[in-house]
Amino acid sequence: MILAVQRLIHDEIVRVITRLYGVTDVPVFAVEVPPTRALGDLAVTVAFQLARPLRNAPKAIAQEIAAGIGPLPGVARLVAAPNGYLNVYLERPTFLVSRLRHEIAAPPAPSDKTIVEHTAINPNKAAHVGHLRNAALGDTLARVLRFCGVEIEVQNYIDDLGVQVADIVVGLQEIEKRSPGQIREIADTTRFDYYCWDLYAKVTDWYEHDRERLSVRAATLHALEEGGNDTATTAALIVDRIVRAHLKTMGRLGIGYDLLTYEGDILRLQFWAHAFEILKASGAVFLQTEGRLAGCWVMRIDEPGAKEESAEAEAPSGEGAGESEAREKVIVRSNGVVTYIGKDLANQFWKLGLLGRDFKYRLFGRQENGQPLWSTTSDAGDPDAPPFGHAKRIYNVIDSRQMYLQALLSQALRTLGHAEEAENSVHFSYEMVGLSHATARELGYPAPEGEDATKPFVEVSGRKGLGVKIDDLLDLLIQKASSEVAKRNAELSADECGRAASQIAVAAIRYFMLKYSRGKLIVFDIEEALSFEGESGPYLQYAVVRANNIFHKLQEREALAEADIIGALAGTPANEITDDEENVLWGLVFEAARLDDIVEQVVRSLEFSVLAKYAFGLAQLFNAFYHRYPILNEERSDRKRWRAAGVAYVRAQLTRALDLMGIEVPSRM
RNA sequence: GCGCCCGUAGCUCAGAUGGAUAGAGCGACAGGCUUCGAACCUGUAGGCCGGGGGUUCGAUCCCCUCCGGGCGCACCA
């Protein structure tokens, strides 16, 4: 790990600048990584920044600073480059040895509790690739924050009273004319999330044939909210089965949660009623008495960077009034039914501990990893349930289409005088997933018509049943991985082969979801996602498997364990890693050490593509090293030991990096 | 119309707080398995970083403007 070294150098340079020039406000500068190791391991550009205020050449300033730096532990030398850079060269052998011995422990400061909410799929159909991006990002966010020592609680919001659930109830009760008993039987004997996937598309059709039928949906929705009737009982059954299907799908990907938050409980426990009082009292929400929203409780939407008066002065037009009326968002409809925004506001208030109320909790089940999963409840609840909510910081993983509503949440917090909480409510926004035309065709969907045909992608639509289901995709990937594993490892049992295939499939799909930056729309193409070569999850796994094999063989053939090698390094000549500025082994070790620096960048930018690219680059470096520098067959023992030590560190770091992305390393592949 | 996002090699994408020579994968072409596993490695070709202004010692990155594309702006969620 490298962050501690960077801080050490940074602080020393600040000290020297202060002493040398008497400046109190040293400009902010970073300790960065030069493009090649020949230019040093770390570099600082502060001399450029000081050139103007000091009225001196960068080169001269750099030389003065370099001369003023005292000896630093771990630093071999710090030199001023002719162009003004300050280049730092590290003490290579001690750098590697101390890391292998875990002497570089930088215990992260204890942090405030943080909630990550992700997945939140409508419980009315199977999960598709759009949901996959959300869950992969959310789960990785949780892993990365935990790596930084943050206390994390992962929540999955379940909209059990929404229109989408109502639609499935309508489909079963009204279109298919099923009795409650029959519905239970279907839920228990079919692949129910797939069944509902098809049914949902049928319901959409059914409405389109006769818009009058939408009144059936409204009545159903009303019955759901009312509760205590057959419709509500049926809906609860549907929701429970679909939620369990979603959890199973996510479990296959190594994605788990701490708490399921049910919207129904928000209503039953009067969370909304309570939040409504708070909102009314502060004036954040008020009753509109005129215009088309008369009778609705609305929230006024602040225009970002609005300049009301000047705008009106420049553009005096009769439409002004109509425009401003449109800038109001309905929170409670004129029929008295709260919108989902209202319920979500209550949920966010609760998460931040601002509601003054709490859910009851019940144990929902055990997850793949053995961890318990809890659920909110409005019943008595389990007295031994752990505490939930009351976080200092929350991340809501939701696609960019909901930006508008997320902005509304933080605006509500501000209006209520919770500026700090608003600041700590982060909308982790990302672009949607579309389907390539080729993949849509492959799935048997009719070719898009009109305007849609010219679009570069086909929009995923649960309503139309248009999308790639996660389980189908996983099955496809496992099938392919399985045949690849079997081809290379004839001696493996079916179980072992299946285990590896599943790990490979998960790696492929998770890496695929993380390698794009979140602002980029992913046009999902099956063929592309099935690739196990080049920049892919399996490539990364392959590198670690190879590294692991070296140690297996060292143990088998020479009874040499990693600990033996590390233990003997102190007395072993280190030329293998010190010779030559552009030493390949050192380049590998140094890059491996950068994981903590990379993770810091990731947290700052919330951009996992940085982590993905880093891990890939490290695997590439390792693979190149692997080809050029033998270990088992190296005759000189000093070389052999230093190479093995370097590989030991790289595999440990790469394994950590993969774990952050939810990727496991198979024993064979 | 307003707001947000995107535009970098043939295709798909990286280029953290402005820094040293703009990179990778795929595809194309040419090589490398009796060697620690070829899901790999080595090499070649391929770029007005959408256009134009500006800020600066320095701009793919920041500001303005234009062009092209996506997504939002419901008494749906």
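Among the atoms of the strands shown, none is found under 4.0 Å from any heavy atom of L554(A). At the heavy-atom level, N124(A) lies nowhere under 4.0 Å from the strands shown. Residue-level contact check: S605(A) touches neither bases nor backbone, having no heavy atom under 4.0 Å from any strand. Looking at heavy-atom distances under 4.0 Å, E600(A) makes no contact with the nucleic acid at all. S536(A) comes within 4.0 angstrom of no nucleic acid atom, judged by non-hydrogen atoms across all strands. Nucleic acid contact class of S429(A) (heavy atoms, under 4.0 Å, all strands): none. Among the heavy atoms of the strands, none lies under 4.0 Å from A612(A).
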* To do: Give the B/S/- string for nucleotides 22-37 of chain B, one per nucleotide from 5' to 3', where a protein heavy atom under 4.0 Å of the base yields B, of only the sugar-phosphate yields S, and otherwise -.
  => --SSS-----B---BB
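The stretch residues 641-651 of chain A has no heavy atom under 4.0 Å from RNA chain B, so no residue of it qualifies as close.
Atom-to-atom, CZ of R292(A) to C1' of A74(B) comes out at 8 Å; the value is rounded to the nearest Å. A16(B) atom P lies 17 Å from atom CG of L3(A), rounded to whole Å. If you take CG of N623(A) and C1' of A38(B), they are 10 Å apart, rounded to a whole angstrom. Rounded to whole angstrom, the span from the CG atom of L405(A) across to the P atom of G3(B) amounts to 18 Å.
By the side chain to side chain donor-acceptor pair (under 3.5 Å) test, Y614(A) is found to be paired with no residue, residues two or more places apart in sequence or in another chain being considered. Taking E634(A) as the reference, R636(A), R639(A), K640(A), R643(A) meet the side-chain contact (heavy atoms from CB on, under 4.5 Å) condition, with sequence neighbours excluded. The side chain to side chain donor-acceptor pair (under 3.5 Å) search around E528(A) returns Y516(A), not counting sequence neighbours.
For G43(B), the paired nucleotide is C29(B), the pair qualifying as Watson-Crick or G-U wobble because both relevant distances are below 3.5 Å. Using the Watson-Crick or G-U wobble rule with both distances under 3.5 Å, U17(B) pairs with nothing in any strand shown. Pair assignment for G7(B) gives C67(B), based on Watson-Crick or G-U wobble hydrogen-bonding distances that are each under 3.5 Å. Base pairing of C61(B): no nucleotide in any strand meets the Watson-Crick or G-U wobble criterion (both distances under 3.5 Å).
F276(A) and W297(A) have perpendicular rings, their planes meeting at more than 60° on a 0 to 90° scale where under 30° would count as parallel. Classified by interplanar angle (parallel below 30°, tilted 30° to 60°, perpendicular above 60°), the ring pair F428(A)/F608(A) is parallel.
U55(B) sits 27 Å from U8(B) when the P atoms are compared, rounded to a whole Å. Comparing G37(B) with C41(B), their C1' atoms sit 13 Å apart, to the nearest whole Å.
Which of G70(B), U42(B), G15(B) sits closest to the side chain of E607(A) comes down to G15(B). With U56(B), G72(B), U42(B) as the candidates, the nucleotide lying closest to the side chain of A624(A) is U42(B).
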* How far apart are the C-alpha atoms of Y539(A) and E533(A), what are their side-chain angles, what is the distance that settles it, and do they pass the side chain to side chain donor-acceptor pair (under 3.5 Å) test? -> CA-CA 6 Å; Y539(A) 176 95; E533(A) 285 162 15; over 6 Å; no
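When only modelled atom types and interatomic distance are considered, Q541(A) and Q503(A) share no side-chain donor-acceptor pair under 3.5 Å.
At most 12 heavy atoms of other shown residues, nucleotides or ligands fall within 6.0 angstrom of atom CD in E527(A).
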Identify all pairs in which a protein N or O lies below 3.5 Å from an N or O of nucleotides 4-7 of chain B, and state each distance.
residue, atom, partner, partner atom, Å
C5(B), O2', G519(A), O, 3.0
C6(B), O3', K520(A), NZ, 3.4
G7(B), OP1, K520(A), NZ, 3.1

